[in-house]
2 protein chains.
Amino acid sequence: MQVQPRIPDSAQSAHDKVYRGLRTRILHGQIAPGAALTLRGIGREFGVSMTPAREAVQRLVAEGALSMSSSGRVATPELSNERIEELAALRALIEVELASRALPRAHMALIDRLQAIDHHIADVVSNRDAVGYIRANLEFHRTLYLRAQAPAMLAMCETVWLQLGPTMRALYGRLRRTEPPQYHRLIVAALKAGDEPGLRLAVRSDVTQGLRMLAS
Amino acid sequence: MQVQPRIPDSAQSAHDKVYRGLRTRILHGQIAPGAALTLRGIGREFGVSMTPAREAVQRLVAEGALSMSSSGRVATPELSNERIEELAALRALIEVELASRALPRAHMALIDRLQAIDHHIADVVSNRDAVGYIRANLEFHRTLYLRAQAPAMLAMCETVWLQLGPTMRALYGRLRRTEPPQYHRLIVAALKAGDEPGLRLAVRSDVTQGLRMLAS
DNA sequence: CGCTCGCGGCTGTGATCACAGTCGCGCCAT
DNA sequence: ATGGCGCGACTGTGATCACAGCCGCGAGCG
């Protein structure tokens, strides 16, 4: 018996480590829109050479999480209003479907966990912690959608989140909120009641809510 | 004035050339599910070294168009029935929305083009040409959805097509069809009439139709 | 004082190389 | 004859290197 060089679940290769690191950073809005990145800088930061750094960056570019100029320079994208509207519509479409599929499988333990996350959101919101809010909000949604048992849909959904990451940071950063999102309570209530139309409406409202603030 | 070293629209870098080449091959169902690929083989075939070949392959893996074993071996994926159902549901969601957005912008020239493509489909179908059928069918849908002016949604949609590519080939390959898809006529008719509910139903039916054949 | 040109450093790209893991085929023992 | 074992060829990974293009800053000129 020898040591296994590979942790079975995650972090197998160097480029994957870089990919995950950059991905969560973008997803949580820890990078402002328009910020520039360099391959050598990323490699230095993660302790790898340029090759895995380039692979991770190219993958993120392919997913729309980063944008690349014609000369190959990489930066986080600054989204146009039309694109934001489009991505919000995609979120609404996919997340409503995911919630709907999760509904029949949602038992009490899941609802308790969602409520715990929602209370945690109230805490970080009162502390003006934009990154913490985004992370907790995504965790709320992901916890619910995991129950849908639809990995392809969830992956698509997370790709959309990824594209909206830096913009959401800018949005919630300049927003002064002191109350948790009201629609989360509606989502939990609809889950408890087994009310599918109500759940679809609540999720759609929660997703679309962020878009409206941007029009101001 | 000097020559521009870069064609503005496409084929800028070597890895992009490889990516596009493999992508269209997978999309059109020219590779059977489970077929193995090697980086050196791809590089040799496209006249590049391993580096761009690896980048193209990793991107396709990230998009779900190829699957990678734990040891890094690459092959086109063999989809489970649950995953096919999921991807079909995603197609229905996104394509119905795209068609709905394209409807108000659809003028006569577009409808004529769709009908021309549909007649072409009738030709290739009578010739038992599975790859030609898939390609023409995708062209029909893409031509319509391009009018929606929603690039992010169209990109998501094409990613789903990409994942279904090899499976669709296997599906239509063992299927003996001699008639063009009936729902295309309904789509064109709904477009002509400006009938949005009818269009949504027709697109949903056309997309879901392929799934039902798989259950047999 | 302001504009422009040029150069140096820095950036991404692609090829090559060294290495570790893996798969498969043939050989040998039973 | 058949099963197990070991070796060899092959595969992906990551580092390094050479190269071409771009950006920005500073000097020089009008």
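A note on names: the letters A, B, ... follow the listed sequences, proteins ahead of strands, and every chain is numbered from 1.
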Using a strict heavy-atom distance below 4.0 Å, which residues from residues 39-64 of chain A are in contact with DNA chain C? A:Leu39, A:Arg40, A:Met50, A:Arg54, A:Gln58

Between D:dC22, D:dT13, C:dG14, spot the one nearest the side chain of B:Ser13, thanks. C:dG14

Winner on side-chain proximity to A:Ala14, out of C:dT13, D:dG12, D:dG14, is D:dG14

Return each pair, listed once, that meets side chain to side chain donor-acceptor pair (under 3.5 Å) where at least one residue sits in residues 37-46 of chain B; pairs must be two or more places apart or across chains. B:Arg25-B:Glu45

Validation: residues 93-106 of chain A side-chain donor-acceptor distances under 3.5 Å, sequence neighbours left out:
from	atom 1	to	atom 2	distance (Å)
A:Glu95	OE1	A:Arg91	NH2	3.4
A:Glu95	OE1	A:His141	ND1	3.2
A:Glu95	OE1	A:Tyr145	OH	2.5
A:Glu95	OE2	A:Arg91	NE	2.6
A:Glu95	OE2	A:Arg91	NH2	3.2
A:Glu95	OE2	A:Trp161	NE1	2.7
A:Glu97	OE2	A:Arg101	NE	2.9
A:Ser100	OG	A:Glu196	OE2	2.8
A:Ser100	OG	A:Arg200	NH1	3.0
A:Arg101	NH1	B:Glu85	OE1	3.3
A:Arg101	NH2	B:Glu85	OE2	3.1
A:Arg105	NE	A:Arg147	O	3.4

The bend of the helix from C:dC1-D:dG30 to C:dT30-D:dA1, taken between the axes of its five terminal pairs at each end and rounded to 10°, is 0°

Find the distance [X]:[atom1] to [N]:[atom2] and express it as a whole number of Å.
X	N	atom1	atom2	answer
A:His15	D:dG12	NE2	P	13 Å
A:Lys17	D:dT13	NZ	C1'	14 Å
A:Asp16	D:dT13	CG	C1'	13 Å

Apply salt bridge (charged side-chain N to carboxylate O under 4.0 Å, His left out) to A:Arg204 and list each qualifying residue two or more places apart in sequence or on a separate chain. none

Checking B:Glu86 now: which residues fulfil salt bridge (charged side-chain N to carboxylate O under 4.0 Å, His left out) with it, not counting sequence neighbours? none

Please evaluate residues B:Glu158 and B:Arg142 with respect to the criterion salt bridge (charged side-chain N to carboxylate O under 4.0 Å, His left out), reporting the C-alpha separation (whole Å), side-chain torsions for both, the decisive distance (0.1 Å), and the verdict. CA-CA 9 Å; B:Glu158 294 199 334; B:Arg142 188 189 289 113; 2.5 Å; yes

Partner residues of [X] under the side chain to side chain donor-acceptor pair (under 3.5 Å) criterion, sequence neighbours left out:
X	value
B:Arg169	none
A:Gln115	none
B:Arg73	none

